[in-house]
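For reference, the structure is listed below as structure tokens.
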Amino acid sequence: MIVYRCITQGELMAMIHDQEYDTAIVKGENTLEYEKGVSYKHFFMFGNHAEYFRKNKGYHFVGQYVIPDELIAGKGFGFYGNVKTMRNKKLYGYYMPLPEVIVKKEDFKKEYLYRVLPELYAYYTENRLNDDDNKKFNEPIIKEFSLDGEGLSYLDYSYADIYYEMVYQIAKQHDMDLKKVARLLKDIDLYEKIREYYANNTDLFREQTRLYVKSQRRGFFDFLKR
């Protein structure tokens, strides 16, 4: 499984020199289940969410990991505040469920770290590895969703972008109960659910993008008038 985790400069240097490094534990509410007395490492399912965490918590890098599926000890959601996307910030004031996985610390190897970058790139938004490594590890590339069919545009939607819209719409149907949203999304294939949601709501995304572009143009012309 391709997953993401924030890394400090000190942790990265410790890995390079085969040294132990205890990272600070950031505690927060989540739906994950733990074995008593067992230590775990937490990973974000989407690179965009790791980048959000990096910016908000002052980490230096985001690591991309390829971890054998059999070592994933659990899947669930962590609840995080102040989450937004380029087009939508309506969940900013709520604690939004972000999909995570955990791996037992005793099962983790530094060799699972595939790439380290200081900020978000398409490698992360699309689970993209080098050369033919996606095939080698049997990990599909999750290409961004393009409204014009061309792709490689700043207006493309990542899986994390679609996930945000999906969570927001479900939350509205349940009095903005984000914990209930997490329960409803439990034990489903999120990748497939996101693809299905986009296919069924293309008009919504097209209109959202039209309004976003319009607002950006208005803001640009207002800036020129100053």
pair [X]-[Y]: side-chain heavy atoms closer than 4.5 Å:
{"X": "Leu91", "Y": "Met176", "result": "yes"}
{"X": "Val167", "Y": "Pro97", "result": "yes"}
{"X": "Arg54", "Y": "Glu119", "result": "yes"}
{"X": "Ile2", "Y": "Gln64", "result": "yes"}
{"X": "His60", "Y": "Glu11", "result": "no"}
{"X": "Asp161", "Y": "Thr125", "result": "no"}
{"X": "Leu155", "Y": "Arg87", "result": "yes"}
{"X": "Val62", "Y": "Arg5", "result": "no"}

Within the side chain of [X], is there an N or O that forms a donor-acceptor pair under 3.5 Å with the backbone of [Y]?
{"X": "Thr209", "Y": "Arg206", "answer": "no"}
{"X": "Asp107", "Y": "Lys104", "answer": "no"}
{"X": "Asn201", "Y": "Leu204", "answer": "no"}
{"X": "Tyr95", "Y": "Asn82", "answer": "no"}
{"X": "Asp132", "Y": "Lys135", "answer": "no"}
{"X": "Arg128", "Y": "Ile142", "answer": "no"}

side-chain contact (heavy atoms from CB on, under 4.5 Å) between Tyr159 and Glu126: does it pass, once the steps are laid out?
-> CA-CA 8 Å; Tyr159 272 65; Glu126 298 189 339; over 6 Å; no
Once rounded to the nearest 0.5 Å, what's the spacing between atom [atom1] of [X] and atom [atom2] of [Y]?
{"X": "Glu207", "Y": "Leu211", "atom1": "CD", "atom2": "CG", "result": "4.5 Å"}
{"X": "Glu196", "Y": "Met166", "atom1": "CD", "atom2": "CE", "result": "9.5 Å"}
{"X": "Leu184", "Y": "Leu178", "atom1": "CG", "atom2": "CG", "result": "11.0 Å"}
{"X": "Leu98", "Y": "Phe44", "atom1": "CG", "atom2": "CZ", "result": "6.0 Å"}
{"X": "His174", "Y": "Arg183", "atom1": "NE2", "atom2": "CZ", "result": "10.0 Å"}
{"X": "Lys193", "Y": "Leu190", "atom1": "NZ", "atom2": "CG", "result": "9.5 Å"}

Begin from the C-alpha positions of Lys179 and Glu29 and carry the test side-chain contact (heavy atoms from CB on, under 4.5 Å) through to its verdict.
-> CA-CA 10 Å; Lys179 290 183 179 179; Glu29 189 172 4; 2.9 Å; yes
Looking only at non-hydrogen atoms, find the nearest pair between [X] and [Y] and report the distance.
{"X": "Glu144", "Y": "Ser158", "answer": "OE2-CB, 3.7 Å"}
{"X": "Leu113", "Y": "Gly63", "answer": "CD1-CA, 3.8 Å"}
{"X": "Tyr163", "Y": "Met96", "answer": "CE2-CE, 3.6 Å"}
{"X": "Glu35", "Y": "Tyr40", "answer": "N-OH, 2.8 Å"}
{"X": "Gln9", "Y": "Phe61", "answer": "CA-CE1, 4.0 Å"}

Within a radius of less than 6.0 Å around [atom1] of [X], do more than 12 heavy atoms belonging to other residues, nucleotides or ligands occur?
{"X": "Asn200", "atom1": "CG", "result": "yes"}
{"X": "Asn138", "atom1": "CG", "result": "no"}
{"X": "Glu192", "atom1": "CD", "result": "yes"}

Do the rings of His42 and Tyr34 sit parallel, tilted or perpendicular, given the 30° and 60° boundaries?
->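 His42 and Tyr34: tilted rings.
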Give me the one residue out of Ile67, Val103, Val66 that meets side chain to side chain contact (heavy atoms under 4.5 Å, CB included) with Tyr112.
-> Ile67
Among Val38, Leu32, Asn30, which residue meets the side chain to side chain contact (heavy atoms under 4.5 Å, CB included) test with Ile102?
->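 Exactly one option meets the side chain to side chain contact (heavy atoms under 4.5 Å, CB included) with Ile102, and it is Leu32.
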Let me know which of Phe145, Phe205, Tyr164 forms a ring pair (Phe, Tyr, Trp, His ring centres under 6.0 Å) with Tyr157.
->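 That would be Phe205; it is the only one of Phe145, Phe205, Tyr164 passing the ring pair (Phe, Tyr, Trp, His ring centres under 6.0 Å) with Tyr157.
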Result for ring pair (Phe, Tyr, Trp, His ring centres under 6.0 Å) between Tyr4 and one of Phe46, Tyr124, Tyr65 points to Tyr124
Taking atom types as modelled, is there a side-chain donor on Thr85 or Asn88 under 3.5 Å from an acceptor on the other?
->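 No - no donor-acceptor pair under 3.5 Å links their side chains.
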Before giving the answer on side-chain contact (heavy atoms from CB on, under 4.5 Å), spell out for Asn127 and Ile141 the whole-Å C-alpha distance, their side-chain angles and the decisive distance to 0.1 Å.
-> CA-CA 5 Å; Asn127 281 4; Ile141 294 172; 6.0 Å; no
N/O donor to acceptor pairs below 3.5 angstrom from side-chain atoms of residues 69-80, sequence neighbours left out:
residue	atom	partner	partner atom	Å
Asp69	OD1	Met1	N	2.9
Tyr80	OH	Glu100	OE2	2.3

Can Arg115 be said to sit on top of Tyr123's aromatic six-ring, NZ or CZ under 6.0 Å from centre and within 45° of the ring axis?
->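 Pair Arg115/Tyr123 counts as cation-pi.
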Looking at Phe108, does the NZ or CZ of Lys41 lie under 6.0 angstrom from its six-membered ring centre and within 45 degrees of the ring axis?
-> yes
Quick one: do Asp133 and Tyr114 satisfy side-chain contact (heavy atoms from CB on, under 4.5 Å)? Show the steps, please.
-> CA-CA 10 Å; Asp133 281 354; Tyr114 185 86; 2.6 Å; yes
